[in-house]
Trainee: 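What follows is a single structure, and I will ask about it in a moment.
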Amino acid sequence: MERFDERRLGTVMVAPALALMALVVLWPVLQAFWLSLHRYNIKFPDDREWVGLSNYARVLEAGSWWEALVTTIIFTVLSVSIEFVLGLLMALMMHQAIGWKGPLRVSILVPWATITVVTALAWKWLYTPGIGIIATVLEPFIGADSCLLCSRWGAMWGMVFADVWKTAPFIGLLLLAGLQNISADLYEAAEVDGASTWDKFRHITLPMLKPAILVALLFRTLDSFRMFDLAFIMTGGANQTRTVSVLAYDQLINKLNIGVGSAISMLIFLLVFAIAFIFVRVLGANPQAEDR
Amino acid sequence: MTHPHPIHGDDPLGIGPAPEGPQSPAVRIAAAGGIQEPPAPAVDLESLRDRPTIRERIALAVIIAYCLFPMYWLVKLSMQVDGSSGAGLLPERLTLVNYAAVIRNPDFIYGFLNSILIAGAATLISITIGGAAAYALSRLPVSGGKYILFLVLAVSMFPAIAIIGPLFDMWRTIGLFDTRLGLVIPSVTFSLPLAIWIMASFFRELPRDLEHAAYMDGASPIQAFRKVMLPLAAPGVFTAAILVFIGAWNEFIFALSLTATRASRTVPVVISQFQGADSMEIPIGSISAAAVIVMVPLIIAVAIFQRRIVSGLTAGGVKG
């Protein structure tokens, strides 16, 4: 009786969340797939026709898709790896240090809480000659007139460092929580055995942090791969800095080309799925156990 | 965090268990040496220091400066006339004209209002729906619960760009395009995974006996949830609410794609599209002032709720 009541209540309580996710995510994905098989531009609503996979063929033959994909991959690899090294360094420093907990915690949370649009503008202006101090510092290297964001690689690094600023402290925070969970006994035992600081880091810290690192890596990789705001604000996609999300947005909302745009969207969806699959199946990340 | 360790062995008041007579199983096992009490940690002289060393101070100061510097730069740009003091570290002449301009800008006022309404509504709905789901998934026998958790996880990894096209098309057809409700719906949906995850991790930690005690007192499952579990999980609910609000406040791609006018544009979109009187010149000071105004409430919230936010962000992530 009680069991039955609980089961019924459980179903009722889960239902609204499930219904919403089904209606706003699952159904539109299926629709995006359906639309990607059609020639469909909102500007010409009557010219809607089944075209099979030819939208995909058009996207995969286009240089712009491959350029955006390469840009996205480079951005993801650079930003995620720098974020992790910096985040780990921050975590280790904070773990060792005593005091200043409050100010440190607030400072660390500021980049995380900053609206990405604001992050993008702040860094864009830091890079802008005559406005930002980073431009002044870089002047001897790139010249007074040339702006960092005006070349492909300059813009790439510019976006990477804005992203690193926003997320490295957050990763530091996650890894710090992981560090605090490692028992001090392990380190003491290692010291008795004469382990060096590096030995301890390699054989205790890293393995113990591995589950937390893998999950954080998974979510950060997906976030970077989907990156839209930074490129949209900082460069508008100029100088070959269009990410795949910016490319899809351009087709869908600017050109109202829903058919081709949906094909790009589905490709992004498949790639995200593949990344998640690799992390979970090959690397053994377990987001169910230790989500953010 | 170290917990103060009770001192065992000493019992000056003589209120310990009687040496003879009936004992609880736990006491008997402990007496037989079956379970070792953990030894009290040796006093670590290092951790008695309450001030960081010079090297640590430098390291921490570098971290703090790194985290705050871009924000400082925005504050600086917002308090000077555009182009006045160039790229110097300090503004040459402090002025509030940019702030005066921004708070009189109707686009910004509407954007601010829209952001508060949309993020607020999204938070309320997401916490209600997500809280119910989290409770069911963590405390009740739900058929297919594993698959539901998988779906929740999948949504948290989902690229929003993949459904922008259909939503854009659909919202235009059913009249949700350029409305606040049209932004609340995707905002709620994409914050559900976070809300469910945080609240479920808090619900899971409440002792199982609580519901049974409530049932014994004649409560129905729903009463057990409302009267017993919900008040106890309030800190978790509150934590989830803060994180969901910040997430909804920051949302950009839906707000950019599904709006057209100030009827529904949120602050991030307004800031990204700020135009000066002269459309060729970007009003950097005004945009910075707008950004600072938008950031101040967030930073105050972060300062007040820092512990909760950290515990929410690392919930489950550290249990290994």
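This one's a predicted model, so the numbers in the text were calculated from it and none came from an experiment. Each chain gets a letter, A, B and so on, in the order the sequences are listed, and its residues count up from 1.
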Trainee: Give, as side chain, backbone, both or neither, the part of L222(A) having an atom under 4.5 angstrom from any heavy atom of chain B.
Mentor: side chain
Trainee: Which bit of P16(A) is near chain B, if near means a heavy-atom gap under 4.5 Å: side chain, backbone, both or neither?
Mentor: both
Trainee: Of all the heavy-atom pairs spanning Q306(B) and G102(A), show the shortest one and how long it is.
Mentor: OE1-O, 3.6 Å
Trainee: Any heavy-atom pair between the side chains of F219(A) and S156(B) that's under 4.5 Å?
Mentor: yes
Trainee: Measuring heavy-atom distances to chain B, does L20(A) have an atom under 4.5 Å in its side chain, in its backbone, in both, or in neither?
Mentor: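 For L20(A), backbone and side chain are both near chain B.
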Trainee: Sort L218(A) into side chain, backbone, both or neither according to what part of it lies under 4.5 angstrom from a heavy atom of chain B.
Mentor: side chain
Trainee: Report which part of S220(B) has an atom under 4.5 Å of a heavy atom belonging to chain A: side chain, backbone, both, or neither.
Mentor: neither
Trainee: Are any of the side-chain heavy atoms of R307(B) and R105(A) separated by less than 4.5 Å?
Mentor: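 R307(B) reaches R105(A) side chain to side chain.
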Trainee: Which atoms of Y66(B) are under 4.5 Å from chain A, going by heavy atoms: the side chain, the backbone, both sets, or neither?
Mentor: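 It is both, since atoms from each part get that close.
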Trainee: At a heavy-atom separation under 4.5 Å, does F158(B) approach chain A through its side chain, its backbone, both, or neither?
Mentor: both
Trainee: Starting at SG of C67(B), measure out to CG of L104(A) and round the result to the nearest 0.5 Å.
Mentor: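 Answer rounded to 0.5 Å: 7.5 Å.
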Trainee: Between M21(A) and T189(B), what is the shortest heavy-atom contact and its length?
Mentor: CA-CG2, 3.9 Å
Trainee: Under 4.5 Å from any heavy atom of chain B, what part of L89(A) do you find: side chain, backbone, both or neither?
Mentor: neither
Trainee: Heavy-atom cut-off 4.5 Å, strictly under: side chain, backbone, both or neither for L140(B) against chain A?
Mentor: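 The side chain, not the backbone.
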Trainee: Which pair of non-hydrogen atoms, one from A113(A) and one from V302(B), has the smallest distance, and what is that distance?
Mentor: CB-CG2, 3.8 Å
Trainee: Is any side-chain heavy atom of I64(B) closer than 4.5 Å to a side-chain heavy atom of I108(A)?
Mentor: no
Trainee: Is chain B contacted by the side chain of F228(A), its backbone, both, or neither, given a heavy-atom distance below 4.5 Å?
Mentor: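 Side chain only.
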Trainee: For F33(A), is it the side chain, the backbone, both or neither that has a heavy atom under 4.5 Å from a heavy atom of chain B?
Mentor: neither
Trainee: So which of L179(A), T11(A), V14(A), L18(A) has the biggest tally of heavy-atom pairs under 4.5 Å with chain B?
Mentor: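 Ranked by contacts with chain B, first place is V14(A).
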Trainee: Go through the atoms of L35(A) and report whether side chain, backbone, both or neither lie under 4.5 Å from a heavy atom of chain B.
Mentor: side chain
Trainee: Heavy-atom distances under 4.5 Å only: say whether S143(B) touches chain A with side chain, backbone, both or neither.
Mentor: both
Trainee: Shortest non-hydrogen contact from A122(A) to P70(B)?
Mentor: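 Closest pair (atom of A122(A), atom of P70(B), distance): CB-O, 4.1 Å.
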Trainee: Contact part of F232(A) toward chain B, heavy-atom cut-off under 4.5 Å: side chain, backbone, both or neither?
Mentor: side chain
Trainee: Against chain A, work out which of I284(B), V269(B), V62(B) has the most heavy-atom pairs shorter than 4.5 Å and name it.
Mentor: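 So the answer, after comparing I284(B), V269(B), V62(B), is I284(B).
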Trainee: Please state whether the side chain, the backbone, both or neither of I222(B) comes within less than 4.5 Å of a heavy atom of chain A.
Mentor: both
Trainee: Taking all heavy atoms of V142(B) and all of R7(A), pick out the closest pair and write down the distance.
Mentor: C-NH1, 4.3 Å
Trainee: Which bit of R172(B) is near chain A, if near means a heavy-atom gap under 4.5 Å: side chain, backbone, both or neither?
Mentor: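 For R172(B), side-chain heavy atoms alone lie under 4.5 Å from chain A.
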Trainee: Looking at every non-hydrogen atom in both residues, tell me the closest pair between S245(A) and I161(B) and how far apart they are.
Mentor: O-CD1, 3.5 Å
Trainee: For the interface with chain A, which of A160(B), A162(B), A136(B) has the highest count of heavy-atom pairs at distances below 4.5 Å?
Mentor: A162(B)
Trainee: Examine whether an atom of L256(A) lies under 4.5 Å from a heavy atom of chain B, and if so say whether it belongs to the side chain, the backbone or both; otherwise answer neither.
Mentor: side chain
Trainee: Are the side chains of V118(A) and V294(B) in contact, using a 4.5 Å heavy-atom criterion?
Mentor: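 Answer no - side chains too far apart.
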Trainee: By a 4.5 Å heavy-atom criterion (distance strictly below it), what part of W165(A) contacts chain B: side chain, backbone, both, or neither?
Mentor: both
Trainee: Tell me which of these, L298(B), L137(B), I129(B), has more heavy-atom pairs under 4.5 Å with chain A than the rest.
Mentor: I129(B)
Trainee: Which residue out of A291(B), P186(B), A303(B), S257(B) racks up the most heavy-atom pairs below 4.5 Å with chain A?
Mentor: S257(B)
Trainee: Check each atom of V272(A) against the heavy atoms of chain B and say whether the ones under 4.5 Å are side chain, backbone, both or neither.
Mentor: side chain
Trainee: What distance do I131(A) atom CD1 and W73(B) atom CH2 have between them, rounded to the nearest 0.5 Å?
Mentor: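 Those atoms lie 10.5 Å apart.
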